[in-house]
Participant: 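Could you have a look at this structure, given as structure tokens, before my questions?
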Amino acid sequence: IGNRLTPLRGRGHPLAAPAWDHRTMNLRRAIVDGVRIQMVSGTHVLLLRDAAEERYLPIPIGPNEANAIAYHLQGVRPERPLTHDLATRAIHALGAQLREVRIVELRDETFRARMIVLGPDGAERELDARPSDAVALALRADAPIFVEQGLLDAEGIVPEAAEEEKLSMFRDFVNSLDDGENQQPQ
């Protein structure tokens, strides 16, 4: 073995970050619809909308990332750069470019994203990232955002279906009341 060093996170190493094969992924273009706060829990939620159909992917995020995304969407320019502004400037200063962001999975109740960065040498690199940070950077770099189709199928919300389900539950409740009132005493 001698003085040879083996990269700890190289491909094939048990501790290596998972290799995402984008060729086997079915990616859907997504658009940032906004940031909301769930009133009951106070949780900040990033809403991504499928660009091709009326389907949304809600992703819980932290308040700082929610503010960074909301500021950018509203065109607010702080006097001093925020963390995501600084990171975007650093990427450009190093001669790299954020090509795209991919929201790829939900594991252990945590959404996972990949940032595809083109280095100054033209080589493509994938970086593991939190979706909130990746989206905040994508907005600033004007990079497209994609969501893996299977994730969108499993976690996406179609507003009409959700509303119809609520109405159906309400109808069932009202009908159960009617059933009790319409029964004749025996």
Side-chain angles (χ1 to χ4, degrees), residues 4-36 43-53 55-73 81-157:
R4 232 177 55 200
L5 297 176
T6 305
L8 179 62
R9 298 221 177 252
R11 288 188 185 263
H13 189 280
L15 297 179
W20 303 99
D21 187 357
H22 66 277
R23 294 166 295 182
T24 62
M25 288 184 144
N26 186 4
L27 299 172
R28 305 278 301 195
R29 180 77 186 258
I31 298 166
V32 177
D33 191 67
V35 177
R36 309 284 190 275
T43 302
H44 293 78
V45 178
L46 167 63
L47 277 180
L48 297 179
R49 181 174 50 84
D50 186 325
E53 56 186 90
R55 188 164 46 164
Y56 296 83
L57 180 65
I59 300 175
I61 62 174
N64 293 334
E65 293 78 9
N67 286 336
I69 292 168
Y71 283 168
H72 186 81
L73 292 174
L82 298 176
T83 303
H84 298 98
D85 300 315
L86 181 60
T88 302
R89 290 178 187 175
I91 289 169
H92 290 146
L94 294 171
Q97 173 190 359
L98 178 59
R99 193 184 88 191
E100 66 187 50
V101 163
R102 301 172 182 167
I103 313 300
V104 294
E105 74 172 330
L106 176 64
R107 184 172 19 131
D108 301 326
E109 298 183 24
T110 302
F111 284 90
R112 312 282 174 153
R114 303 296 281 179
M115 296 188 337
I116 310 304
V117 178
L118 292 178
D121 58 356
E124 185 177 277
R125 293 169 175 84
E126 289 190 14
L127 304 174
D128 187 29
R130 297 183 304 179
S132 55
D133 290 327
V135 167
L137 289 170
L139 288 171
R140 285 160 174 78
D142 199 28
I145 301 165
F146 296 94
V147 176
E148 205 283 321
Q149 176 75 50
L151 178 61
L152 197 53
D153 291 343
E155 301 297 326
I157 296 171

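The analysis underlying the following values was restricted to heavy atoms, covering all of them including side chains, and did not include hydrogens, waters or symmetry mates.
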Participant: Within the distance-only criterion (no hydrogens, no angle test), does the side chain of His72 pair as donor or acceptor with the backbone N or O of Leu139 below 3.5 angstrom?
Facilitator: yes

Participant: Do the non-hydrogen side-chain atoms of Glu65 and Thr83 ever get within less than 4.5 Å of each other?
Facilitator: no

Participant: Between the side chains of Arg28 and Glu148, is the shortest nitrogen-to-carboxylate-oxygen separation below 4.0 Å, so that they form an ion pair?
Facilitator: no

Participant: For the pair Ile116 and Arg102, evaluate side-chain contact (heavy atoms from CB on, under 4.5 Å) and give the outcome as yes or no after the intermediate values.
Facilitator: CA-CA 8 Å; Ile116 310 304; Arg102 301 172 182 167; 3.7 Å; yes

Participant: Any side-chain to backbone donor/acceptor pair from Gln97 onto Arg99? Under 3.5 Å, distance only.
Facilitator: no

Participant: What distance separates His84 NE2 from Tyr71 OH, expressed to the nearest 0.5 Å?
Facilitator: 13.0 Å

Participant: Ile61 and side chain to side chain contact (heavy atoms under 4.5 Å, CB included): which partner among Val45, Asp133, Ile69, Val135?
Facilitator: Ile69

Participant: Check Val147 against Ala30 and note the closest heavy-atom contact, atom names and distance.
Facilitator: CG2-CB, 3.8 Å

Participant: Return the minimal non-hydrogen interatomic distance between Arg49 and Tyr56, and the atom names on each side.
Facilitator: CD-OH, 3.5 Å

Participant: Can you give me the closest heavy-atom contact between Leu94 and Pro120, atom names plus distance?
Facilitator: O-CG, 3.6 Å

Participant: Quick one: are Pro81 and Arg89 in side-chain contact, heavy atoms under 4.5 Å?
Facilitator: yes

Participant: Looking at Arg114 and Glu100, is there a salt bridge between them, counting it only when a charged N and a carboxylate O are closer than 4.0 Å?
Facilitator: no

Participant: With rounding to the nearest 0.5 angstrom, report the CG to OG1 distance, Asp142 to Thr88.
Facilitator: 11.0 Å

Participant: Assess whether side-chain contact (heavy atoms from CB on, under 4.5 Å) is satisfied between Arg29 and Ile145, documenting all intermediate values.
Facilitator: CA-CA 6 Å; Arg29 180 77 186 258; Ile145 301 165; 5.7 Å; no

Participant: Checking the side chain of Asn67 only, and the main-chain atoms of Asn64 only, is there a donor and an acceptor separated by less than 3.5 Å?
Facilitator: no

Participant: How long is the gap from CZ on Phe146 to CG on Asp50, to the nearest 0.5 Å?
Facilitator: 11.5 Å

Participant: Who passes side-chain contact (heavy atoms from CB on, under 4.5 Å) against Thr110, sequence neighbours left out?
Facilitator: Arg112

Participant: For Asp128 and Ala113, which heavy atoms make the closest approach, and how far apart are they?
Facilitator: OD1-O, 3.3 Å

Participant: So, taking the atom named CD1 in Ile157 and the one named CG in Leu47, what distance separates them when rounded to the nearest 0.5 Å?
Facilitator: 8.0 Å

Participant: How far apart are the closest heavy atoms of Val101 and Ala134, and which atoms are they?
Facilitator: CG2-O, 3.4 Å

Participant: Tell me which one of Val32, Leu152, Asp33 satisfies side chain to side chain contact (heavy atoms under 4.5 Å, CB included) with Leu48.
Facilitator: Val32

Participant: Taking it one step at a time, do Glu155 and Leu57 satisfy side-chain contact (heavy atoms from CB on, under 4.5 Å)?
Facilitator: CA-CA 6 Å; Glu155 301 297 326; Leu57 180 65; 3.6 Å; yes

Participant: Heavy atoms only: give me the nearest Val35-Ala66 pair and the separation to one decimal.
Facilitator: CG1-CB, 3.6 Å

Participant: Looking at residues at least two apart in the chain, or sitting in another chain, which of them share a side-chain contact (heavy atoms from CB on, under 4.5 Å) with Asp121?
Facilitator: Ala123, Arg125

Participant: Measuring from Leu27:CG to Gln149:CD, what's the distance to the nearest 0.5 Å?
Facilitator: 9.5 Å

Participant: Nearest 0.5 Å, please: how far is CZ in Phe111 from CD1 in Ile103?
Facilitator: 9.0 Å

